[in-house]
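I have placed the structure first, in the form of structure tokens, so that the comments after it can refer back to it.
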Amino acid sequence: MQEKRNIRIIEWEDLDKRKFYSFGVFMTMTIRASLYPATLIRTRLQVQRGKSLYNGTFDAFVKILRAEGVRGLYRGFMVNTFTLISGQAYITTYELVRKYLSNYSSSNTLKSLVAGGSASLVAQSITVPIDVVAQQLMMQGQGQHLTRFKVKPRMMVAAKQHVTFGQTRDIIVQIFAADGFRGFYRGYMASLLTYIPNSAVWWPFYHFYAEQLSKLAPSECPHLILQGVAGPLAAATASTLTNPMDVVRARVQVEGRTSIIETFKQLLVEEGAWGMTKGLSARIISSTPTAVVMVMGYETLKKLSLRPELVDSRHW
């Protein structure tokens, strides 16, 4: 067991894996359902040219809600739920890499950096094909003129289940017909260049902020509160640092581009450096509550999943 100031870290070997995975799936699904609208809004803001449709995060929320209803905020959600697999792969990779690195280094920063990046590499390899399809579905409302693929009109008037899975099947067929299997990994490198640094940066900053807060807070302050504050601070920091690549990634995937560098250059020419901040507020709005819920949920999850003999033997 390692200690970071007064923040005690629960490591992989301390967990009852059966409880950990059972509780983890429920927690992940709840978080995704709560925050999916912010992800959809962020994608539409990043893909639009200038302010052709939305003037900002709140404006996008209001317009989508008026034009498409609540269901419009959840376009592609059913497909996106398959990322539960990548979520579990992420958690497992992160914890296992931390455990492996413990044999060579006691530095929590190093372990967090390498484990966070490794976890993102594994998760993105699973997530990108799901994201490619989900993003095309996200754009089928007011933003459908910004995407290459369109669902067939007959799908829009079918039964609810047929609409959900009919649209998904329609998009998958169009992607494969246009680009083959590689089409499902369009933007893969851009995703890696976005999310590996984001994940690698998030974890060290999370522990850093938790450590700094522990110095300022009273000794009796619950660890979970300090961790709950450290999470969104780390998320805002990581989001700001990696947002330019996230904008490029969204455009590569939705517009069908093949060159990350050319997309980056065109964005600079057309919209200047300010274009690199597109969707940042939506991303922070999305990542901040995500971080609070994820951190408090994840740390609670680990405490609930402690091996029985450790529950009462140590102060967490």
Side-chain angles (χ1 to χ4, degrees), residues 1-35 38 87-88 90-92 94-99 101-103 105-116 119 198-241 284-316:
M1 183 63 57
Q2 296 184 358
E3 188 173 349
K4 190 70 173 176
R5 295 295 179 181
N6 72 323
I7 304 293
R8 191 175 289 276
I9 300 174
I10 300 174
E11 300 287 7
W12 184 247
E13 59 270 20
D14 302 318
L15 301 174
D16 178 328
K17 308 306 185 296
R18 182 180 58 80
K19 290 182 180 179
F20 183 71
Y21 284 115
S22 298
F23 294 145
V25 169
F26 175 77
M27 181 194 75
T28 303
M29 189 64 182
T30 302
I31 293 173
R32 290 187 186 280
S34 301
L35 301 170
Q88 297 307 305
Y90 180 95
I91 292 173
T92 302
Y94 177 77
E95 294 291 351
L96 288 177
V97 171
R98 275 187 63 90
K99 179 182 179 181
L101 292 176
S102 296
N103 298 323
S105 174
S106 60
S107 171
N108 187 58
T109 298
L110 176 63
K111 289 190 291 184
S112 298
L113 182 73
V114 177
N198 188 82
S199 180
V201 166
W202 190 90
W203 286 100
F205 270 110
Y206 166 59
H207 291 299
F208 169 76
Y209 286 131
E211 177 186 357
Q212 299 307 310
L213 289 169
S214 71
K215 295 177 181 179
L216 301 174
S219 57
E220 64 273 11
C221 182
H223 295 178
L224 193 60
I225 299 298
L226 301 179
Q227 292 164 330
V229 175
L233 291 176
T237 302
S239 294
T240 302
L241 292 174
I284 291 178
I285 289 171
S286 172
S287 65
T288 297
T290 298
V292 173
V293 175
M294 185 190 78
V295 166
M296 299 189 76
Y298 187 60
E299 296 296 347
T300 300
L301 168 66
K302 291 208 290 186
K303 288 173 184 174
L304 291 173
S305 304
L306 278 168
R307 290 189 288 115
E309 63 271 23
L310 297 178
V311 174
D312 298 319
S313 61
R314 297 172 186 172
H315 173 62
W316 304 100

remark   = side-chain hydrogen bond (donor to acceptor under 3.5 Å, both in side chains) filter on Glu95, not counting sequence neighbours, yields Tyr298
task = Quick one: list whatever passes side-chain hydrogen bond (donor to acceptor under 3.5 Å, both in side chains) with Trp203, sequence neighbours left out.
result = Tyr90
Nearest non-hydrogen partners of [X] and [Y], listed with the distance:
X: Thr288; Y: Pro232; answer: CG2-CB, 3.5 Å
X: Gly231; Y: Val295; answer: CA-CG2, 3.7 Å
X: Ala230; Y: Ala210; answer: CB-N, 3.5 Å
X: Leu101; Y: Val114; answer: CD1-CB, 3.6 Å
X: Ala217; Y: Leu226; answer: CB-CD2, 3.6 Å

task = Please identify each residue that fulfils side-chain contact (heavy atoms from CB on, under 4.5 Å) with Ala33, with sequence neighbours left out.
result = Phe77
State, with a plain yes or no, whether a side-chain heavy atom of [X] is found less than 4.5 Å away from one of [Y].
X: Thr300; Y: Phe23; value: no
X: Leu304; Y: Lys19; value: no
X: Phe205; Y: Leu233; value: no
X: Ile284; Y: Thr240; value: yes
X: Trp202; Y: Ser239; value: no
X: Val25; Y: Gln88; value: yes

Roughly how far, to the nearest 0.5 Å, is the [atom2] atom of [Y] from the [atom1] atom of [X]?
X: Leu110; Y: Ser102; atom1: CG; atom2: OG; answer: 10.0 Å
X: Phe20; Y: Thr92; atom1: CZ; atom2: OG1; answer: 6.5 Å
X: Asp14; Y: Glu309; atom1: CG; atom2: CD; answer: 9.0 Å
X: Met29; Y: Ser34; atom1: CE; atom2: OG; answer: 10.0 Å

ask   = Are Glu11 and Arg98 close enough for a salt bridge, meaning some N to O gap below 4.0 Å?
value = yes
inquiry  = Given Leu15, which partner from the list Ile10, Leu301, Leu310 fulfils the side-chain contact (heavy atoms from CB on, under 4.5 Å) test?
reply    = Ile10
request  = Apply side chain to side chain contact (heavy atoms under 4.5 Å, CB included) to the pair Lys303 and Leu224, showing each step before the final yes or no.
outcome  = CA-CA 10 Å; Lys303 288 173 184 174; Leu224 193 60; 4.3 Å; yes
message = Can a donor-acceptor pair be found, under 3.5 Å and without considering hydrogens, that links the side chain of Lys17 to the backbone of Trp12?
response = yes
ask   = Just by distance, with hydrogens left out, do Ser199 and Tyr94 show a side-chain donor and acceptor under 3.5 Å apart?
value = no
inquiry  = Tyr21 vs Ile91, test: side chain to side chain contact (heavy atoms under 4.5 Å, CB included). Steps then yes/no.
reply    = CA-CA 10 Å; Tyr21 284 115; Ile91 292 173; 5.6 Å; no
inquiry  = Determine whether Thr109 and His207 satisfy the following criterion, side chain to side chain contact (heavy atoms under 4.5 Å, CB included), listing intermediate values before the conclusion.
reply    = CA-CA 8 Å; Thr109 298; His207 291 299; over 6 Å; no
